[in-house]
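Note sheet for the following structure.
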There are 2 protein chains.
Amino acid sequence: MLDLRKLEVFIKVYETQSFSKASSALHLAQPTITLHIKDLEQELEVNLFDRNTRKVIPSKAGKIVYRYGKEVLNILKQMEKELKLLKDEKVGLIEIGGSTIPGQYILPKVIKNFKEHHPNISVFLKVGDSKEVIEKVLAREIDFGMVGAVFANKDLVFLPCYEDEIVLIGPPDFTKDEIELEELYHIPLLKREEGSGTWKNFLEFLDKKGIDWIKLNIIGEMGSTEAIKEAVKSGLGFGFVSSLAVELETSLKLLKVVRIKNFTIKRKFYVVYPKMAKFLPVEHKFLDFIKSFSNV
Amino acid sequence: MLDLRKLEVFIKVYETQSFSKASSALHLAQPTITLHIKDLEQELEVNLFDRNTRKVIPSKAGKIVYRYGKEVLNILKQMEKELKLLKDEKVGLIEIGGSTIPGQYILPKVIKNFKEHHPNISVFLKVGDSKEVIEKVLAREIDFGMVGAVFANKDLVFLPCYEDEIVLIGPPDFTKDEIELEELYHIPLLKREEGSGTWKNFLEFLDKKGIDWIKLNIIGEMGSTEAIKEAVKSGLGFGFVSSLAVELETSLKLLKVVRIKNFTIKRKFYVVYPKMAKFLPVEHKFLDFIKSFSNV
DNA sequence: TTAAATTGATAGATTTTTTCTATTTGACTT
DNA sequence: AAGTCAAATAGAAAAAATCTATCAATTTAA
């Protein structure tokens, strides 16, 4: 294996055309230079300089080694530059992931706010389902994720950071602001597909309350929160969605949130990151920011 | 300065995802690996792996170092490949230079012959004046040169290798094959410009014989051997040129070589190379070849 | 749940490498 | 021919790389 120290010595000799000049430039004794060059020549089995006590002229092989050697040192310099950026807390890159609700309604706001404070830090957001997000965290493809469920994994830390409410929405012309729990059994409901985190949370909550969801009046299934919203808007029925997803529509009276007496469905979102990870400055900053944003 | 040995260890750990696997692959004890990685982390001031006794997961910085490290090793591998070619005596590249006559009439033939014996060795020929050729030899831009004059320089070796004759040429219909020296004074002569090696050789020869060239009947000056030949062909006068330059024309009777009684102008060409140079195998081969081609 | 096995970390000793000082050798200058 | 400058050589000292033995943490198997 070639020695970079020796390569450095070689390059200095090449550039100064002198062993002694190289020695003083590198703060080494002159015999050290002689030795290093000799070692290199032995290792590579070529002579690098035609030399006597007066002249030092690079040979053909020397020119080749210089060309490649310079490239190698440049690449390493480039690397150190990139690592320096990594260590800098003012610039850098953060990659995060979010499952549907956090990815669509929470993280964009967090990021916008964060960017206002730290304009030179780029943030990349990847939206996918919770399982995907967690896998990417484990593979270090993203720095952290925000998901709606805790997965048992000893390598991961799940930090509650946002509490959301799942609300019943109906068309804006629905007369009541609040209904009794019993009325829920007669209201035409649009469910979400089985894999949905929101729907899972909803069912868990019903279960805790001792309610069997079979009793509900399910009239259809939608593939996304947005689809539920559109369907409810057009009067097809009612649905359960994250309150975050309907902030705009309720304020514009395009949808109506209908409360259920003595019945509030809360769900938590969690920041997830590898237990062992040693965070870089920028990542620390972002994590702290999310925590400060937290409502839990 | 980064240590390539440590970088190699890092890369092996990265690829095997294990300190102990890396240690056995590199025939090192496991604590050595631990130490090297720790040193690297200290040197670069980043952590490279999130690790405990069970898992070794590259960090963001680790991924960067791996990417760059691989590139560095690849470049060095490429360099060794190129140096190997340099040491090979069957393949390679030779760069030579020749002043006008050798570059135009001798070296092309030598190269053609050489290539027949060594088809995998490329030969690059650069034609320029003697001074240029010698400068390039000193700067190691070419491996050796062939020139018509010896320049006093203690760093150079001049090896006589080819003896040429400077001959008087006239139109093919000139009646005599041989003339007396005295007749030369009346013959209309085309000279070469002052810088020409051939012309310089001719004058030196006249000087040695005690002849003043002012007595000659110079009717014009031409910038090149070829120009002299053309002018002589078209009956403008006579000229002195290298015998090598008119081999074809005399055999085709387009020109006539006129001998001068008791008057033969010989000139020598020399191979020139740096005294200190340690030749590579291919260069040795070519030099030997030139010597075997020699007529001296 | 506990014991065995696996893997990385730590400590101290040993070997190897790097670097130094002092001196010699070779080449150019005057 | 003497002086000077730069590289080579020799031998000693300092620094590093690597090893063995052992420990600590974590997973797997009984």
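The chains referred to below are lettered A, B, ... by the order of the sequence lines, with proteins before strands, and numbering in each begins at 1. Quick note: numbers below take in every heavy atom, side chains included, and nothing from hydrogens, waters or symmetry partners. Because the structure is predicted, anything quoted here is derived from the model rather than measured.
Within the 4.5 Å cutoff, side-chain heavy atoms of A:T34 are placed close to those of A:F19. For the pair B:I111 and B:F286, the minimum side-chain heavy-atom distance is below 4.5 Å. Side-chain contact between A:D39 and A:D3 is absent, with no heavy-atom pair separated by less than 4.5 Å.
Nearest nucleotide to the side chain of B:F19, out of C:dC20, C:dA9, D:dT18: C:dA9. Between C:dT18, D:dT26, D:dA17, one nucleotide has an atom nearer to the side chain of A:K6 than all others, and that is C:dT18. Proximity note for A:R54 (side chain, C-beta onward) versus D:dA7, C:dG26, C:dG8: the nearest is C:dG26. If you check C:dT18, C:dT25, D:dC19 against the side chain of A:D3, the one that comes closest is C:dT18. Side-chain proximity of A:A29 to the nucleotides C:dG8, C:dC20, D:dA17 is greatest for C:dC20. Each of D:dA8, C:dT10, D:dT4 was ranked by its minimum atom distance to the side chain of A:Q30; first place goes to D:dA8. Proximity note for B:P31 (side chain, C-beta onward) versus C:dT18, C:dC28, D:dT20: the nearest is D:dT20. Side-chain atoms of B:L28 lie closest to D:dC19 of the nucleotides C:dC28, D:dC19, D:dT27.
Contact annotation: A:S18 side-chain N/O to D:dA7 OP1/OP2 distance is under 4.0 Å. A close approach under 4.0 Å does not occur between any side-chain nitrogen or oxygen of A:T53 and OP1 or OP2 of C:dT25. For D:dT18, the OP1/OP2 oxygens have no side-chain nitrogen or oxygen of B:H27 closer than 4.0 Å. Residue B:R51 places at least one side-chain N or O under 4.0 Å from the OP1 or OP2 atom of C:dA9. Within the structure, a side-chain polar atom (N or O) of B:H36 is placed less than 4.0 Å from OP1 or OP2 of D:dT18. Contact annotation: A:T34 does not reach the phosphate of D:dA7 (side-chain N/O to OP1 or OP2, under 4.0 Å).
Note: NZ (A:K154) to P (D:dA25) measures 17 Å, nearest angstrom. Here the C1' atom of nucleotide D:dA6 and the NZ atom of A:K55 are 12 Å apart, to the nearest Å. Regarding B:M1, its CE atom lies at a distance of 18 Å from the C1' atom of D:dA15, rounded to whole Å. Rounded to whole Å, the distance from CD on B:Q17 to P on C:dG8 is 11 Å. What separates NZ of B:K38 from C1' of D:dA16 is a distance of 16 Å, to the nearest Å. Per the geometry, CE belonging to A:M276 stands 11 Å off P belonging to C:dG8, to the nearest Å. Look at CG on B:L35: it is 16 Å from P on C:dA13, rounded to the nearest Å. Residue B:E8 contributes atom CD, which lies 14 Å from atom P of D:dA17 at whole-angstrom precision.
Residue contacts shown for A:T32 include a base, since a base heavy atom lies under 4.0 Å away. As judged by a 4.0 angstrom heavy-atom cut-off over every strand, A:K21 is placed among residues making no nucleic acid contact.
Between B:N52 and A:D39, the one whose closest nucleotide on DNA chain C sits nearer the 5' end is B:N52. Heavy-atom nearest nucleotides on DNA chain D were determined for B:R5 and for A:I33, and the one closer to the 5' end corresponds to A:I33.
Closest approach of A:P281 and A:K87 over heavy atoms only: CG-O, 3.1 Å.
B:K63 contributes a side-chain N or O that, together with a main-chain N or O of A:R140, makes up a donor-acceptor pair within less than 3.5 Å.
Note that the CD1 atom of B:I290 and the CG atom of B:L159 stand 9.5 Å from one another [nearest 0.5 Å].
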